[in-house]
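These notes concern the structure reproduced below.
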Amino acid sequence: MANAKITGVGRYIPEKVLDNAYFESIVDTNDEWITRRTGIKERHVSAPDEYTTDMATKAAERAIKDAGITAEDLDLIILGSVTPDYFTPAGACVVQANLGAVNAAAFDFNSACTGFITGLTIAKQFIENGTYKNILVICADVLSKATDYADRSTCILFGDAAGAAVVSASEETGIITTEIGADGTGALALTQLAYRDDEEELEKRVSKNKETIWMAGQAVMKFAVKAMADASQKVLDNAGLTYDDIALVIPHQANYRIVDAAIKRMGITQDKVFLNLEKFGNTSASCIPSSLSQAVEQGRVKNGDKIILVGFGGGLTWGAALLEW
Ligand code: COA
């Protein structure tokens, strides 16, 4: 049986930056509150005419180059996003055409900010059962286009980004194990309406704009800390390892306080954790793959290192992946 291994990573971060001073100018907030309560200083946002598949394509091109393959070598492209260009076609099909990945099947999936872990889990199955050899997992979101800029409790949190990884069949150890989970009883803690007419949901939104994200911040925060620590412990247990064996943990970064509480619960120190939310905010499912690509570039992940990727998100969902690099 072939192992599934990440052989290339790439990211795309849009150019425009919104700093905390910008939010002081549009809602009743201040840099001190945002910094102390979230750890975020800046986020990047897409241009008005820049969409999920545009960013996904750029991240994908970089991951393919990094893997040393061509677009024709891809057997499958999967895209996780909560801000698709279209309900149909799937964004993955648009990216397939953009790349000229003529041999690849393509579909989208949605597990919100847990997307990259879900994507790796899907890719691992197809590689290990021998169906495919090269799979492109992309996560991309333009959360700025779904943000309620009248709601000070959420608008300060979100940024846009895309991250991608090529997962290939390999003789080397790669994705050792993954763990994903969901608790739909918490589904309405984080919502973005599509066709459903729901007056109650609409009323929650400060702008009354149904296309925006609404979130019960405190409830999500409480869920997130335990979900991340538990998922991370599960993959360690599955592999018979402990945190002493782990070189780096890359968590989903929604709020510094969540990450800090989660790593305390894991019993690890911050030097083992990759953090960049100060500069990017919460970029949904793109957060983990774009952080992974930065961590590799900065030499924080080296050949042979064992690392944990761990996230949580709307659904509510959670997941962790244990990899050998
Ligand atoms: N500036 C100033 N004050 C703000 C504010 C802002 N940007 N946003 C909220 N407040 C106020 C609230 O109105 C409230 O005031 P009140 O006490 O007078 O009612 C007070 O700050 C505390 O609000 P609360 O919602 O309890 O704050 P919090 O400590 O929970 O922080 C979040 C709010 C949203 C930052 C935090 O809950 C969070 O990060 N949650 C999880 C987010 C997340 O992970 N989402 C994505 C999932 S992938």
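Ligands are counted one by one from 1 in listed order, and the atoms in each one are counted from 1 as well.
The parts of Ser153 lying near ligand 1 are both backbone and side chain, judged by heavy-atom distances below 4.0 Å. Counting heavy atoms under 4.0 Å from ligand 1, residue Ile34 does not touch it at all.
Distance CH2/Trp318 to NZ/Lys226: 8.5 Å, rounded to 0.5 Å. In this structure, the separation between OG on Ser111 and CG on Leu316 is 12.0 Å, given to the nearest 0.5 Å.
Checked for salt-bridge contact, Glu50 and Lys16 miss the test: no charged N lies under 4.0 Å from a carboxylate O.
Less than 4.0 angstrom separates some heavy atom of Ala254 from each of these atoms of ligand 1: 43 (C), 44 (O). Close approach to Gly217 involves these atoms of ligand 1, each under 4.0 Å from a residue heavy atom: 37 (O), 40 (N), 41 (C). Close contacts between ligand 1 and Phe312 involve ligand atoms 44 (O), 47 (C), 48 (S) [criterion: under 4.0 Å to a heavy atom]. Residue Leu190 approaches ligand 1 through these ligand atoms, each under 4.0 Å from one of its heavy atoms: 47 (C). Of all atoms in ligand 1, listed by their number and element, those nearer than 4.0 Å to a heavy atom of Thr29 are 1 (N), 2 (C), 6 (C), 7 (N). Those atoms of ligand 1 with a heavy atom of Cys113 less than 4.0 angstrom away are 48 (S).
Within a 4.0 Å radius of atom 29 (O) of ligand 1, the protein contributes one or more non-hydrogen atoms. There is a protein heavy atom less than 4.0 angstrom from atom 5 (C) of ligand 1. The nearest protein heavy atom to atom 17 (O) of ligand 1 is not closer than 4.0 Å. For atom 48 (S) of ligand 1, a protein heavy-atom neighbour is present inside the 4.0 Å cut-off.
Between the Asp141 side chain and the Ser284 main chain, no donor and acceptor come within less than 3.5 Å of each other. Under the 3.5 Å distance criterion, the side-chain polar atoms of Thr52 are matched with a main-chain donor or acceptor of Thr83.
The heavy-atom pair separating Ala92 from Asp108 by the smallest distance is N-OD1, 2.8 Å. The two atoms that bring Arg196 and Lys210 nearest to each other are O-NZ, 4.1 Å, heavy atoms only. Across Ser81 and Ala140, no two heavy atoms sit closer than the pair OG-O, 2.8 Å.
The closest heavy-atom contact to atom 35 (C) of ligand 1, among the options Asn255, Asn30, Leu316, Asn282, comes from Asn255. Considering only non-hydrogen atoms, atom 33 (C) of ligand 1 lies nearest to Trp33 out of Trp33, Phe223, Phe23. Looking at Arg152, Glu24, Met221, it is Arg152 that brings a heavy atom closest to atom 11 (C) of ligand 1.
The shortest contact between atom 45 (N) of ligand 1 and any protein heavy atom is with Met215 SD, 2.9 Å. In terms of protein heavy atoms, atom 22 (C) of ligand 1 is closest to Arg37 NH2, 3.5 Å. Nearest protein heavy-atom neighbour of atom 26 (O) of ligand 1: Gln218 NE2, 2.8 Å. In terms of protein heavy atoms, atom 31 (O) of ligand 1 is closest to Arg257 NH1, 3.7 Å.
For ligand 1, the polar-atom distance check finds no N/O of His252 at less than 3.5 Å from any of the ligand's N/O atoms. Inclusion of Thr38 in the set of residues having an N or O under 3.5 Å from an N or O of ligand 1 is not warranted.
With Arg43 as the fixed residue, the side chain to side chain contact (heavy atoms under 4.5 Å, CB included) test singles out one of Thr283, Asn20, Thr147: Asn20. Just one of Glu42, Lys41, Gln253 meets the side chain to side chain contact (heavy atoms under 4.5 Å, CB included) condition when paired with Leu277; it is Gln253.
Ile258 counts as a contact of ligand 1, since one of its heavy atoms falls under 4.0 Å from the ligand.
Side-chain contact check for Cys113 versus Asn282: some heavy-atom pair is nearer than 4.5 Å. With a 4.5 Å cut-off on side-chain heavy atoms, Ile175 and Ile127 do not count as touching. Between Val27 and Tyr149 the shortest side-chain heavy-atom distance does not fall below 4.5 Å.
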